[in-house]
Amino acid sequence: MRQNIVAGNWKMNKTLQEGIDLAKEVNQKAGNTTLNCKVVLGTPFIHITEAVKAVDKNRVSISAQNCADKESGAYTGEVSAAMVKSTGAEYVILGHSERRAYYGENEAILKEKTDLALKNELKPIFCIGEVLSERESEKHFEVVKKQVEESLFHLSTEEFSNIVLAYEPVWAIGTGKTATTEQAQEMHAFIRNLVAEKYGKETAENVSILYGGSCKPDNAKELFSNPDVDGGLIGGASLKADDFMGIIDAF
Ligand code: PGA
């Protein structure tokens, strides 16, 4: 069954205590409303253990924002998928455009990370999306197709059923410039069709495809009303409980 999901991506924000407070506040507010979507908080690694304790897992799930492309060993500063799993996190964001742009993560690296996440029973929230010049030169479909095919299409149907996709046009991230509802729906339908061609209609119908990029309480409802938009990956607006709840309440 396709699931609606609103996932926060805190990025590199919040001290430990601030993070615990935010997780608690979201958990409490989520308990006071009828949730029509799954709620996920993507916290920095150092917050995960405490965030898992701070929330009711029937209400709020915790996600890492990354994991290593190696299993274990002499990789100073890295955090493995097994380590993430051992904290109680259920998800891991992979392939965020900031990781691709600033840390050189390419399709091959992301394929390794995806395999390790799945092997350790984490659900990847796998990010894809074009930069502005690619959209302006009308290469956006081609770019997204390559990202999906080269990092994910080696998976079996069963493995793929654990993937959540997040379409995040890079030009919309943190810029206040949201994709129009037509742009979002068009790309989400394109992605679902790619999945259908590879894995069949049933798998495609069941995969959740989130939109990310300046999603806010005042535009979430319109974006989520599209038939192929199954929720959002939220950066800036996930840092304040009320803004985040405003997006959750759009469902
Ligand atoms: P934004 O970030 O909501 O601040 O645009 C989204 C993201 O990068 O996941």
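If you're wondering where the values come from, they're calculated on a predicted model, not measured in any experiment. We're numbering straight along the sequence, starting at 1. Note that ligands are numbered from 1 as they come in the structure, with each ligand's atoms numbered from 1 the same way.
When each atom of ligand 1 is checked for a heavy atom of E168 under 4.0 Å away, the hits are 6 (C), 7 (C), 8 (O), 9 (O). Distances below 4.0 Å separate heavy atoms of H96 from the following atoms of ligand 1: 7 (C), 8 (O), 9 (O). Atoms of ligand 1 lying under 4.0 Å from at least one heavy atom of A172, given by number and element, are 5 (O). Of all atoms in ligand 1, listed by their number and element, those nearer than 4.0 Å to a heavy atom of K11 are 2 (O), 7 (C), 8 (O). When each atom of ligand 1 is checked for a heavy atom of G236 under 4.0 Å away, the hits are 1 (P), 3 (O), 4 (O).
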side-chain contact (heavy atoms from CB on, under 4.5 Å) assessment of I173 paired with E98: CA-CA 10 Å; I173 295 177; E98 287 147 21; 3.6 Å; yes
- Query: Should F153 and Y199 be marked as a ring pair (Phe, Tyr, Trp, His ring centres under 6.0 Å) after you check the CA-CA gap, both sets of side-chain angles, and the distance that decides it?
  - Reply: CA-CA 9 Å; F153 276 7; Y199 293 106; 5.5 Å; yes
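No donor-acceptor distance shorter than 3.5 angstrom exists from the side chain of N226 to the backbone of D228, with no hydrogens or angles considered. The backbone N or O of G95 sits less than 3.5 Å from a side-chain atom of R100, completing a donor-acceptor pair. A distance-only check finds no donor-acceptor pair linking the side chain of S214 to the backbone of T178 [under 3.5 Å].
Using a 4.0 Å cut-off between heavy atoms, I173 contacts ligand 1 through both its backbone and its side chain.
The shortest separation from a heavy atom of G213 to ligand 1 is under 4.0 Å, placing the residue in contact. Remark: distances from the non-hydrogen atoms of G174 to ligand 1 include one below 4.0 Å. Using a 4.0 angstrom heavy-atom cutoff, S238 does not count as in contact with ligand 1. Heavy-atom distances between K216 and ligand 1 stay at or above 4.0 Å for every pair.
Distance from atom 3 (O) of ligand 1 to its nearest protein heavy atom, with residue and atom name: G235 N, 2.9 Å.
Taking a 6.0 Å sphere around CD of E121, one finds it holds 12 or fewer heavy atoms contributed by other residues, nucleotides or ligands.
Ring planes of F141 and F190: tilted class, angle from 30 to 60°.
Contact detail for I247 and A220: the closest heavy-atom pair is CG2-CB, 3.9 Å.
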